[in-house]
Amino acid sequence: MTDLLGQVYAAAGPYLESLAARPVQDRDALKLLASLSGPLPEAGAEPAEVIERLLAVGTAAATTSSGPRFFHFVTGGVTPAALAADWAAALLDQNAFSKVSSPFAHEVETVALGWLRELFGLPASWGGALVASATFANFTALGCATHWWGFQHGVDTAADGLAELPRMPVLSSGYVHSSARKALQMLGHGRNSVTVCARDGAGRVDLALMRRRLESLKGAHGVIIANAGEVNTGDFDPIAELAGLAQEFGCWLHVDGAFGLFAALSPRTSGLVAGVDRADSIAADGHKWLNVPYESGFALIREPARLHEAFGMPGAAYLPGAGDPAAGYALSGPESSRRARSLPIWATLAAYGKEGHRAMVEKHLDLAQHLAALVDAAPELERLAPVPLCIVCFRAAPPGVTDLDDFNRRLGAALLEDGRVYAGTTLYDGHVALRPAIVNWRTTREDIDFFVDVVRELAAYVNSR
Ligand SMILES: *Cc1c(COP(=O)(O)O)cnc(C)c1O
């Protein structure tokens with residue numbers, strides 16, 4: 001077995017060293033994928049040969065999303081301590097289900113959740129759950145909100161569902177993320193349950209409209225979703241104002257801070273999340289700006305008991321119940337058996353501390369400003385929004401091009417086809433735009449310069465065709 005692990009270790013050095021220079025995607029290498037398919041083997045093969053084949057294809061065809069020039073979506077890298085701890089998690093193969101299945105994993109998760117609360121300046125009385133993603137964190141938090149809301153109507157939704165209830169009112173700005181809608185979809189409310197209160201095409205919140213909508217509920221309780229870090233520009237809803245409305249109208253306040261919650265780490269941006277401590281629940285990701293491996297989301301909940309109420313599994317005689325000292329995190333989140341995803345979180349926070357993670361966030365804030373300045377200085381590039389955080393929303397607008405949306409769609413496709421750097425297109429305020437996000441510890445100023453060079457080169461190429 002250790003020989004097989006040795007094969008992985010031997011591949012790791014050259015692969016990690018290649019990250020700084022290799023393209024984000026080698027299109028030719030994708031042809032190798034065919035060598036992994038075929039019928040299910042009857043007899044199997046030498047494990048050493050199998051692992052060799054997997055590594056050969058993987059190290060060539062892998063998308064370099066942990067490298068420094070992947071600016072698509074919001075995709076963090078992996079710190080060295082987090083990567084090593086993730087290997088340890090695979091080695092130890094713990095089931096972080098309960099204190100019985102792994103006292104070790106349970107304890108590390110408890111410490112990791114406590115450190116995350118501290119990192120974001122939240123009180124120790126808050127609870128939480130480590131989950132697979134921010135989508136699942138939104139699901140977990142809105143699951144607690146659903147249970148709370150059912151309780152206001154005298155219904156235990158965990159036991160009896162939603163059938164006897166009216167539709168749960170959910171209000172947000174136009175910044176609401178599709179994964180929050182997906183969470184509502186999975187919880188049985190439907191993704192269309194969100195009433196969007198926006199005052200412009202970018203989706204900025206219309207507080208007066210939200211107030212009128214809340215008044216029209218005539219005392220019925222609802223849920224307000226505040227968005228901390230909108231995916232096109234990194235902009236924020238005014239959380240404190242939404243907290244005020246939630247308080248006034250008896251609503252649950254949920255904050256989707258998948259990456260934006262990390263604004264709390266720097267005094268330069270902490271004002272953007274002012275009021276987040278007044279939320280009832282918060283969803284965020286570790287695999288974005290904490291730079292730990294996938295799958296690492298977390299939900300933080302003001303009243304931890306609500307997690308057990310919404311996600312407990314009473315009635316299985318062979319499992320510990322919610323109040324049982326042997327119980328664990330499986331009873332406070334959507335998953336039952338789960339890997340020890342706390343290990344990389346614990347390790348990166350232990351290794352680099354609050355200081356190290358603040359420095360990483362601030363480096364990315366600086367790089368985003370640098371990118372914005374390069375965009376502003378390029379005559380054929382046009383920035384579409386301010387840069388409060390780590391995302392720069394811009395488009396190419398060369399003189400003479402009339403259909404800029406079509407042009408930028410083709411530019412976005414050319415970027416992915418080229419593969420040296422990655423960034424994605426979006427529709428922002430009615431315009432097709434690029435929205436590179438900078439959240440990888442490996443990214444340097446030179447990578448940003450190179451990104452702009454490639455964008456300008458490809459814009460000229462698209463324009464010439
Ligand atoms: C990325 C993101 C999500 C979803 O996160 P996953 O980890 O991909 O599930 C939710 N909300 C916001 C604001 C995001 O940026």
Side-chain angles (χ1 to χ4, degrees), residues 63 65-66 70-78 82 116 120 128-143 145 170 172-187 191 194 196 198 202-205 223-237 239 242 253-264 269 272-273 276 279 281-300 333-335 338 341 344-345 361 364 368 385 388-393 422-424 426-428 435-440:
T63 308
S65 50
S66 61
F70 189 98
F71 305 113
H72 206 342
F73 312 110
V74 180
T75 300
V78 183
L116 287 171
F120 303 115
L130 299 185
V131 291
S133 62
T135 300
F136 263 92
N138 278 327
F139 176 84
T140 305
L142 292 169
V170 183
S172 191
S173 72
Y175 287 174
V176 63
H177 192 268
S178 50
S179 78
R181 289 184 185 272
K182 180 172 173 176
L184 292 163
Q185 161 182 339
M186 292 192 285
L187 288 162
R191 60 178 174 268
V194 184
V196 170
R204 290 183 186 86
V205 70
V223 173
I224 296 176
I225 300 177
N227 305 285
E230 183 269 344
V231 289
N232 290 318
T233 67
D235 196 19
F236 286 67
D237 283 332
I239 301 173
L242 294 179
L253 179 68
H254 171 60
V255 176
D256 180 353
F259 62 93
L261 185 60
F262 287 77
T269 46
L272 296 169
V273 286
V276 75
S281 59
I282 303 170
D285 260 329
H287 55 227
K288 288 177 179 168
W289 221 345
L290 193 66
N291 279 236
V292 299
Y294 294 100
E295 305 157 342
S296 184
F298 53 93
L300 300 173
E335 297 151 289
R338 42 216 276 288
R341 60 169 63 100
I345 297 175
V361 164
H364 296 148
L389 208 64
C390 56
I391 299 177
V392 180
C393 186
Y422 257 32
T426 188
L427 199 62
Y428 175 67
R435 46 161 307 283
I438 305 163
V439 287
N440 185 316

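Counting starts at 1 for both ligands and their atoms, in listed order. Basis for what follows: all heavy atoms, side chains included, without hydrogens, waters or symmetry-related copies.
Of all the atoms in ligand 1, the ones that sit under 4.0 Å from a non-hydrogen atom of Thr135 are 4 (C), 5 (O), 6 (P), 9 (O). Atoms of ligand 1 found under 4.0 Å from any heavy atom of Gly229, numbered from 1 in the order shown, are 13 (C). Within the listing of ligand 1, atoms 2 (C), 3 (C), 10 (C), 11 (N), 12 (C), 13 (C), 14 (C), 15 (O) sit less than 4.0 angstrom from a heavy atom of Ala258. Listed by number with element, the atoms of ligand 1 under 4.0 Å from a non-hydrogen atom of Asp285 are 5 (O), 6 (P), 7 (O). Residue contact check: Ser133 has heavy atoms under 4.0 Å from atoms 6 (P), 7 (O), 9 (O) of ligand 1. Ligand 1 places these atoms under 4.0 Å from at least one heavy atom of Phe259: 15 (O).
Judged by distance alone, with hydrogens and angles left aside, the side-chain atoms of Asp285 form a donor-acceptor pair with the main-chain N or O of Ala134 at under 3.5 Å. No donor-acceptor pair closer than 3.5 Å links the side chain of His287 to the backbone N or O of Gly297. Not a single donor-acceptor pair under 3.5 Å links the side chain of Arg191 to the backbone N or O of Arg181. With hydrogens and angles ignored, the 3.5 Å screen pairs a side-chain donor or acceptor of Asn291 with a backbone N or O of Gly77. Put simply, the side chain of Ser173 gets close to the backbone of Tyr175: a donor and an acceptor are under 3.5 Å apart.
Contact detail for Arg341 and Leu130: the closest heavy-atom pair is NH1-O, 3.3 Å. For the pair Ser179 and Thr135, the tightest heavy-atom approach, listed with the atom from each and the gap, is CB-OG1, 3.3 Å.
Between Asn138 and ligand 1, not a single N/O pair is under 3.5 Å apart.
The closest approach between Val74 and ligand 1 stays at or above 4.0 Å for every heavy atom of the residue. Within the structure, the closest approach of His287 to ligand 1 falls below 4.0 Å when heavy atoms are considered.
When only non-hydrogen protein atoms are considered, atom 10 (C) of ligand 1 lies nearest to Ser179 OG, 3.0 Å. Looking from atom 11 (N) of ligand 1 to the surrounding protein, the closest heavy atom is Asp256 OD2, 2.9 Å.
The heavy atom nearest to atom 2 (C) of ligand 1, considering only His177, Lys182, Lys288, is found in Lys288.
Using a 4.5 Å heavy-atom cutoff, the side chains of Val74 and Arg435 are in contact.
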